[in-house]
Student: 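The structure that follows is given in the form of structure tokens.
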Amino acid sequence: MDYLPLFAAIKDRPVLVVGTGEVADRKIAFLHKAGARVQVITGAEFEPSMLDHVVLVIAATDDRELNRQVFDAANVRHRLVNVVDDQPLCSFIFPSIVDRSPLLVAISSGGNAPVLARLLREKIEALLPANLGRMAAVAGQFRERLKTVITTTDGRRRFWDRAFRGRFASLMAAGNQAEAEQHLERSLASGQGANGEIILVGAGPGDAGLLTLRGLQVIQQADVVFYDHLVTDGVRELIRRDAEQICVGKRAGEHSIPQHETNQMLIAAAKAGKTVVRLKGGDPFIFGRGGEELQAAAEAGIPFQVVPGITAASAVTAYAGIPLTHRDFAQSVTFVTGHYKADSTPFDWSHLAQSRQTLAIYMGTMKAADISEQLIKHGRDAATPVAVISRGTRADQHVAIGTLHNLATLAKDAPMPALIVVGEVVQLHSTLAWFQHTTETEGFGSSVVNLA
């Protein structure tokens, strides 16, 4: 280790910057942000005695000989010195910073690969919620009081571990600082955390890269994750390693956990003080029964929040090169489920059969023949382009293109999950498809069957 990583308090302390220009200005702004008293001089004004009463010195001139003089004078006086872009002439270096003050993360390559350090900073910055600084500041206000309530170090660690993974963190993320502080007050009064919470998360359509940033943050904080079959292995690999994972998914023709039992499992885990994530494919509020599960949580008095996901209709059509709307072909889009309760209101087929609109039909392959018959019967042209997109956004995506007349044939034996798209926009697939095989040997993208 060539450098000792540390954070130095330089507020109201003198720092000398030798040199002017864009590079010097960046360092000066950084020092001002830390509260330093910065003196800036040109290279011609430098005198070694100027280093007698400063804690740090930065040389940012274009004169290497002058930079060497600053470095040597600083070393003689045991002052830390940084010569910009000259790593051998540095007794300290500026790391790449992720600033969530008072929480800071510093990344350094020891001057060997600053661009790599910057790239790592960008990745880490994307993972750390913007509210972390506020959360750390609020936690700091409670530290001393907590010591009087929970006297052991291990006990305090467990308290904060629950707080930073649980309801306190969720309330801070939602911008409700007042309620977050009240939650900590209640937890302090009891000496322990209260109930956990349920976080409903949309996992997206399959490609793990389409999981939202907030969704990633949440599943990495979970104590237990209840997931559906539609959640891909790629998404599940992003879940916190020591979180319990429980499958409660449903598949046609297979034994599955009844919805009311799933609801009770979620509630029981939250009442045990756990941070519970309910992970659903796509978006949980679009044909995902997410609303039903949160109704049960509300009735049980369990706090909850929702992290939306990218729904299949918008994602898999994009990967298939089929825009849902287009000025020349469709001015509206309707999301429809082909799987509905037996006693529900029948579809308004006359409305759905109108031209110049796109129908995105979820879970409709088993009723494809009926859908085709009803749409044609109520006025939709039998030659209307249709697509059946199976396993959309995944490496084995499959797109079958045809017309409304042969929809049943297209849907027969289509790999699951599948989305049916009805509308003139489907004809753009041949032009806009980008996620597809280019040769028979490549395993990336989609295969296409055209029965038009």
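FYI, side chains are in, hydrogens and waters are out, and symmetry mates aren't considered; it's all heavy atoms of this structure. Worth saying up front: this structure is predicted, and the values here are computed from it rather than measured.
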Student: How long is the gap from CE on Met172 to NE2 on His183, to the nearest 0.5 Å?
Tutor: 12.5 Å
Student: Is there a side-chain contact between Phe435 and Thr393, using heavy atoms and a 4.5 Å cut-off?
Tutor: no
Student: Is the number of heavy atoms from other residues, nucleotides or ligands under 6.0 Å of Asp2 CG greater than 12?
Tutor: no
Student: Relative to the ring of Phe164, is the ring of Phe168 parallel (under 30°), tilted (30 to 60°) or perpendicular (over 60°)?
Tutor: tilted
Student: Output yes when a side-chain donor or acceptor of Arg240 lies under 3.5 Å from a complementary backbone atom of Ala222, and no otherwise.
Tutor: yes
Student: I need the Leu146 CG to Gln141 CD distance, nearest 0.5 Å.
Tutor: 13.5 Å
Student: Under the criterion side chain to side chain contact (heavy atoms under 4.5 Å, CB included), which of Asp207, Ile322, Leu419 is the partner of Val316?
Tutor: Leu419
Student: Between Leu230 and Pro417, is any pair of side-chain heavy atoms under 4.5 Å apart?
Tutor: yes
Student: Mark yes or no for whether Arg100, through its side chain, and Pro129, through its backbone, hold a donor-acceptor pair below 3.5 Å.
Tutor: yes
Student: Going by heavy atoms in the side chains, are Phe304 and Leu200 under 4.5 Å from each other?
Tutor: no
Student: Is it true that Asp25 and Lys27 make a salt bridge, defined as a side-chain N closer than 4.0 Å to a carboxylate O?
Tutor: no
Student: Please confirm whether Arg236 makes a cation-pi placement over Tyr227, using NZ or CZ under 6.0 Å from the six-membered ring centre and within 45° of the ring normal.
Tutor: yes
Student: Whether Glu293 and Arg289 form a salt bridge (side-chain N of Lys/Arg under 4.0 Å from carboxylate O of Asp/Glu) is what I want to check.
Tutor: no
Student: Where the side chain of Ser101 meets the backbone of Leu103, is there a donor-acceptor pair that is under 3.5 Å apart?
Tutor: no
Student: Please tell me if the side chains of Val138 and Glu181 come closer than 4.5 Å, counting only heavy atoms from C-beta onward.
Tutor: yes
Student: For His326, does the NE2 atom have more than 12 heavy-atom neighbours from other residues, nucleotides or ligands under 6.0 Å away?
Tutor: yes
Student: Is Gln397 reaching over with its side chain to a backbone N or O of Ser390, donor-acceptor style, under 3.5 angstrom?
Tutor: no
Student: Rounded to the nearest 0.5 Å, what separation is found between the CD1 atom of Ile199 and the CG atom of Leu294?
Tutor: 11.0 Å
Student: Is the side chain of Arg118 donor-acceptor paired with the backbone N or O of Ser96 at a distance under 3.5 Å, no angle test?
Tutor: no
Student: Please answer whether the main-chain N or O of Ala320 pairs with a side-chain N or O of His429 as donor and acceptor at a distance below 3.5 Å.
Tutor: yes
Student: Hey, could you give me the NZ/CG distance between Lys123 and Leu128, rounded to the nearest 0.5 Å?
Tutor: 13.5 Å
Student: Assess whether atom CD of Glu22 is packed by more than 12 heavy atoms of other residues, nucleotides or ligands within 6.0 Å.
Tutor: no
Student: Answer yes or no: are there more than 12 heavy-atom neighbours, outside Asp85 itself, under 6.0 Å from its atom CG?
Tutor: no
Student: NZ/Lys367 to CG/Leu407 distance, rounded to the nearest 0.5 angstrom?
Tutor: 14.0 Å
Student: For Glu197, which of Arg167, Lys274, Lys271 qualifies under salt bridge (charged side-chain N to carboxylate O under 4.0 Å, His left out)?
Tutor: Arg167
Student: How many angstroms lie between OG1 in Thr262 and CD1 in Ile257, if you round to the nearest 0.5 Å?
Tutor: 5.0 Å
Student: Please report the C-alpha distance between Tyr3 and Phe92 in whole Å, then the side-chain angles of each, then the deciding distance to 0.1 Å, and finally whether the ring-ring contact (aromatic ring centres under 6.0 Å, His included) criterion is met.
Tutor: CA-CA 7 Å; Tyr3 293 89; Phe92 82 94; 9.1 Å; no
Student: Between Glu144 and Arg156, does any side-chain N to carboxylate O distance fall below 4.0 Å?
Tutor: no
Student: Run Glu424 and Arg380 through salt bridge (charged side-chain N to carboxylate O under 4.0 Å, His left out) and show every step you take.
Tutor: CA-CA 11 Å; Glu424 288 75 11; Arg380 198 78 192 246; 3.2 Å; yes
Student: Verify, without hydrogens or angle tests, whether Thr358 (side chain) and Ala330 (backbone) share a donor-acceptor contact under 3.5 angstrom.
Tutor: no
Student: Output yes when a side-chain donor or acceptor of Asn176 lies under 3.5 Å from a complementary backbone atom of Leu171, and no otherwise.
Tutor: no
Student: With a 6.0 Å cut-off on the ring centroids, do Phe285 and Phe287 count as close?
Tutor: no
Student: Quick one: do the Thr275 and Gln221 side chains pair a donor with an acceptor below 3.5 Å?
Tutor: no
